[in-house]
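Read the structure below first, then the notes.
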Amino acid sequence: MSDIVRSLLYYDIFDYPLTREELKDNCKLEPAQVESQFEATLDRLVEQGLIYPLGEFFSVHNNPALAERRRQGNDRAREYMKIASERSQFIMNFPFVKAVYLSGSISKNFMPEDGDIDYFVITEPKRLWIARTLLIMYKKIFLLNSRKFFCLNYFIDTRNLQIEEKNLFTATELLTLVPMCDSGCYPEFMEANQWARELYPNFPLRQVEHNVGSQKPWWSAGMKWVLSGFLGEWMDGFFMRLTMNRWKQKFGHFNSGDFDVAMKSRSYVSKHHPRNFQKRVMDAFAEKVVEFEKINQVSLKES
């Protein structure tokens with residue numbers, strides 16, 4: 001029972017009811033147990049008034065407006081996918097980029113009216129900050145710093161594929177990534193993060209949209225050649241230090257712990273989450289669990 005309710009409470013942070021199949025994907029039952037136990041548990045929760053069917057969805061609230069909001073957001077996400085695919089292929093053309101995945105709301109097939117298209121980028125080692133800086137420069141100069149369709153907020157390199165923060169939020173974000181352009185990183189990336197599948201043993205792997213080779217446009221290949229030696233390594237470190245100094249000044253209101261999570265900057269990783277979304281979501285989830293337990297006099301302790 002707790003898996004189903006906890007999943008609904010987690011997504012309720014985003015006013016997002018779930019389908020029956022999505023609830024199966026999110027439950028922790030062993031795959032062999034899902035078919036025998038899931039349906040009966042779901043029916044019992046509905047009969048007890050702990051959760052509510054909203055058409056093809058389920059929620060902890062008996063509010064049909066949530067289902068309609070989701071349908072509209074799903075339709076909007078499908079419209080945005082063409083743009084996301086084109087932009088992903090464009091990002092993939094930049095030097096040192098090895099893979100481009102969609103993250104955030106669009107990776108859950110949802111797009112709010114004011115939403116951005118978020119990208120998760122994997123780069124070659126010791127060139128992450130060059131790749132990031134080139135992409136950010138493009139956004140600032142040619143897109144006038146608009147992030148609507150070009151929000152680059154997470155970079156890792158191929159030698160450090162394991163996500164260091166291991167919790168419900170990061171597992172959800174990791175497994176829902178949509179691999180748009182990939183040069184062979186996705187299987188290794190998933191293998192490096194098997195810890196997430198321990199939380200979600202039934203979550204299916206995503207299909208890669210575009211499997212691509214190593215060939216890049218002439219301008220990209222030329223830049224990679226110029227920056228292949230000591231100059232590239234020095235520039236990568238320079239761009240990291242430059243960005244870090246700017247962020248420390250701009251986000252000085254963060255304590256050191258929050259800054260390290262929200263704006264993590266190492267030679268092999270770059271996060272840019274100035275709203276510290278991870279902490280906000282995890283705090284909100286904990287509050288929702290406590291509130292639900294208190295109102296319904298039930299325990300949602302994880303099994």
Side-chain angles (χ1 to χ4, degrees), residues 3-4 6-8 10-11 14 16 18-39 56-57 70 73-74 77-78 80-82 84-85 87-89 91-92 97-111 117-124 152-214 268-269 271 278 281 302:
D3 287 350
I4 293 174
R6 289 174 70 89
S7 294
L8 291 174
Y10 183 86
Y11 279 91
F14 314 101
Y16 196 72
L18 298 176
T19 66
R20 188 180 302 265
E21 289 304 313
E22 288 166 345
L23 284 170
K24 285 183 181 180
D25 292 344
N26 282 273
C27 73
K28 292 183 182 178
L29 290 171
E30 290 300 319
Q33 297 176 305
V34 171
E35 293 304 322
S36 62
Q37 298 184 27
F38 175 81
E39 295 294 342
E56 68 271 41
F57 308 119
R70 166 162 177 170
N74 291 159
R78 284 188 284 271
Y80 276 40
M81 280 301 293
K82 182 179 179 181
S85 179
R87 293 295 171 91
S88 295
Q89 293 177 66
I91 294 169
M92 191 71 186
V97 173
K98 301 293 288 183
V100 183
Y101 305 155
L102 299 182
S103 62
S105 60
I106 197 170
S107 70
K108 287 85 174 167
N109 190 35
F110 183 81
M111 181 58 64
I117 299 179
D118 297 311
Y119 301 90
F120 181 102
V121 180
I122 301 177
T123 74
E124 294 183 24
L152 301 150
N153 53 26
Y154 210 134
F155 291 75
I156 61 173
D157 74 27
T158 54
R159 289 185 186 168
N160 297 272
L161 293 173
Q162 187 176 99
I163 302 301
E164 294 178 346
E165 294 83 25
K166 297 176 175 62
N167 55 50
L168 185 66
F169 175 84
T170 52
T172 302
E173 294 305 301
L174 189 155
L175 291 173
T176 56
L177 288 172
V178 179
M180 299 299 291
C181 297
D182 188 79
S183 59
C185 299
Y186 189 63
E188 188 177 351
F189 178 60
M190 288 292 108
E191 181 64 28
N193 290 283
Q194 277 297 313
W195 64 268
R197 303 202 66 78
E198 294 176 8
L199 293 177
Y200 294 113
N202 298 289
F203 207 96
L205 293 176
R206 300 296 181 99
Q207 296 296 313
V208 176
E209 187 75 13
H210 301 286
N211 285 298
V212 297
S214 58
Y268 56 86
V269 60
K271 288 174 62 178
Q278 179 180 157
V281 168
E302 296 182 86

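Computed over heavy atoms, backbone and side chain alike; hydrogens, waters and symmetry mates excluded.
- At least one donor-acceptor pair under 3.5 Å links the side chain of Asn193 to the backbone N or O of Leu161.
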Legend entry - Verdict with reasoning, Glu191 to Arg197, per salt bridge (Lys or Arg N to Asp or Glu O under 4.0 Å): CA-CA 10 Å; Glu191 181 64 28; Arg197 303 202 66 78; over 6 Å; no

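- Checked options Gln89, Arg87, Lys82; the residue passing with Ser85 is Gln89 (criterion: side-chain hydrogen bond (donor to acceptor under 3.5 Å, both in side chains)).
- Atom CD of Gln207 is surrounded by 12 or fewer heavy atoms from other residues, nucleotides or ligands within 6.0 Å.
- Annotation: the span from Leu102 atom CG to Tyr119 atom OH amounts to 6.5 Å, rounded to 0.5 Å.
- In this structure, Tyr16 and Asn109 approach most closely via the heavy-atom pair OH-O, 4.0 Å.
- The ring of Phe110 has its center no closer than 6.0 angstrom to the ring center of Tyr11.
- Of the charged side-chain nitrogens involved, none lies within less than 4.0 Å of a carboxylate oxygen, so that Glu173 and Lys271 do not count as a salt-bridged pair.
- Note on ring orientation: taking the six-membered ring where Trp is involved, the planes of Tyr186 and Tyr101 are perpendicular (angle over 60°, cut-offs 30° and 60°).
- In this structure the side chain of Met190 never reaches within 4.5 angstrom of the side chain of Leu177, judged on heavy atoms.
- Atoms OG and NE2, on Ser88 and His210 in that order, are 7.5 Å from each other to the nearest 0.5 Å.
- A donor and an acceptor atom, one from each side chain of Arg78 and Asn74, are nowhere located under 3.5 Å apart.
- Other residues, nucleotides and ligands place no more than 12 heavy atoms under 6.0 Å from the CD atom of Glu188.
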